[in-house]
Amino acid sequence: YAPARAAVSPEGARTIEWFWAYVESLDQGGRSALLEWITGYRCMPAGGFSEPFRSMTIALMDADPGRRPCAHTCALQLDLSLRCRSGEELAALLDEASANRQFHMQ
């Protein structure tokens, strides 16, 4: 988790708990879609992720509670707001964000 030790704060621990509850609520297809949205992989590669990023990072951001999660596929990173008000709100934001797979450059 990033920043270092963020998950040990009450807000960080709660956000991480809500995230994993969301993952557990998904069926296999939903988990594969979430993994693909975050990492670009449909399933875990044999032998794990390649260098330079050997694991996925969840970055806990001090951002507006309504801010959608953001995936950085090249860095295997998921940004989540520390200020979501409930697990249901976080789940809805994850559903909305992961359903939008396009990006727009301005």
Side-chain angles (χ1 to χ4, degrees):
Y1 305 107
R5 304 188 49 76
V8 298
S9 72
E11 297 86 3
R14 182 186 67 205
T15 302
I16 295 301
E17 182 180 317
W18 289 341
F19 172 76
W20 288 114
Y22 171 77
V23 172
E24 289 175 3
S25 75
L26 298 172
D27 62 16
Q28 188 61 41
R31 288 182 185 184
S32 292
L34 181 66
L35 179 69
E36 182 180 17
W37 176 67
I38 297 169
T39 68
Y41 294 97
R42 274 196 176 277
C43 60
M44 287 295 295
F49 298 120
S50 58
E51 294 292 341
F53 303 104
R54 299 289 298 161
S55 61
M56 190 182 94
T57 301
I58 297 175
L60 300 169
M61 316 297 284
D62 186 19
D64 179 72
R67 181 182 183 269
R68 279 191 225 141
C70 179
H72 305 278
T73 55
C74 291
L76 307 178
Q77 179 175 315
L78 175 64
D79 297 346
L80 298 175
S81 174
L82 280 169
R83 300 193 306 166
C84 282
R85 294 172 283 257
S86 69
E88 293 78 17
E89 179 181 43
L90 179 60
L93 289 168
L94 281 161
D95 284 341
E96 181 181 350
S98 63
N100 293 298
R101 294 174 179 261
Q102 320 79 7
F103 66 94
H104 305 282
M105 297 180 70
Q106 297 181 6

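On a predicted model such as this, the values are computed, not experimentally measured, just so you know.
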Trainee: Please check: side-chain N/O of Ser32 versus main-chain N/O of Gly29, any donor-acceptor pairing under 3.5 Å?
Mentor: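 A pair under 3.5 Å: no.
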Trainee: How long is the gap from CD1 on Ile58 to CH2 on Trp20, to the nearest 0.5 Å?
Mentor: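 Separation between the atoms: 5.5 Å.
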Trainee: Could you list the donor-acceptor pairs under 3.5 angstrom formed by side chains in residues 78-85, with sequence neighbours left out?
Mentor:
unit_1 : atom_1 : unit_2 : atom_2 : d
Asp79  : OD1    : Gln77  : NE2    : 2.6
Asp79  : OD2    : His72  : NE2    : 2.8
Ser81  : OG     : Ala63  : O      : 2.8
Ser81  : OG     : Asp64  : O      : 3.3
Ser81  : OG     : Arg83  : N      : 3.0
Arg83  : NE     : Ala63  : O      : 2.9
Arg85  : NH2    : Glu89  : OE2    : 2.9

Trainee: Looking at every heavy atom in both Arg68 and Glu96, which two are closest together, and how far apart are they?
Mentor: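 Heavy atoms only, the tightest pair is NE-OE2, 2.9 Å.
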Trainee: Quick one: CG on Leu60 to CZ on Phe19, what's the gap to the nearest 0.5 Å?
Mentor: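 If I round to the nearest 0.5 Å, the distance is 10.5 Å.
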Trainee: Assigning hydrophobic clusters by single linkage (Ile, Leu, Val, Met, Phe, Trp, Tyr; side-chain heavy-atom cutoff under 4.5 Å), is Leu93 placed with Val23?
Mentor: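 No, Leu93 does not connect to Val23 through the hydrophobic network.
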Trainee: When rounded to the nearest 0.5 angstrom, what distance separates CD1 in Ile38 from CG in Leu76?
Mentor: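 Taking CD1 in Ile38 and CG in Leu76, the distance rounds to 9.5 Å.
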Trainee: If I take atom CG from residue Asp95 and atom CG from residue Leu26, how far apart are they, to the nearest 0.5 angstrom?
Mentor: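 If I round to the nearest 0.5 Å, the distance is 7.5 Å.
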Trainee: Testing the basics here: between Tyr22 and Leu94, what is the closest heavy-atom pair and its distance to 0.1 Å?
Mentor: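 Where Tyr22 meets Leu94 most closely, the heavy atoms are CD2-CD1, 3.5 Å.
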Trainee: Working to the nearest 0.5 angstrom, can you tell me the gap between Ser86 OG and Arg14 CZ?
Mentor: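 So the gap between those two atoms works out to 9.0 Å.
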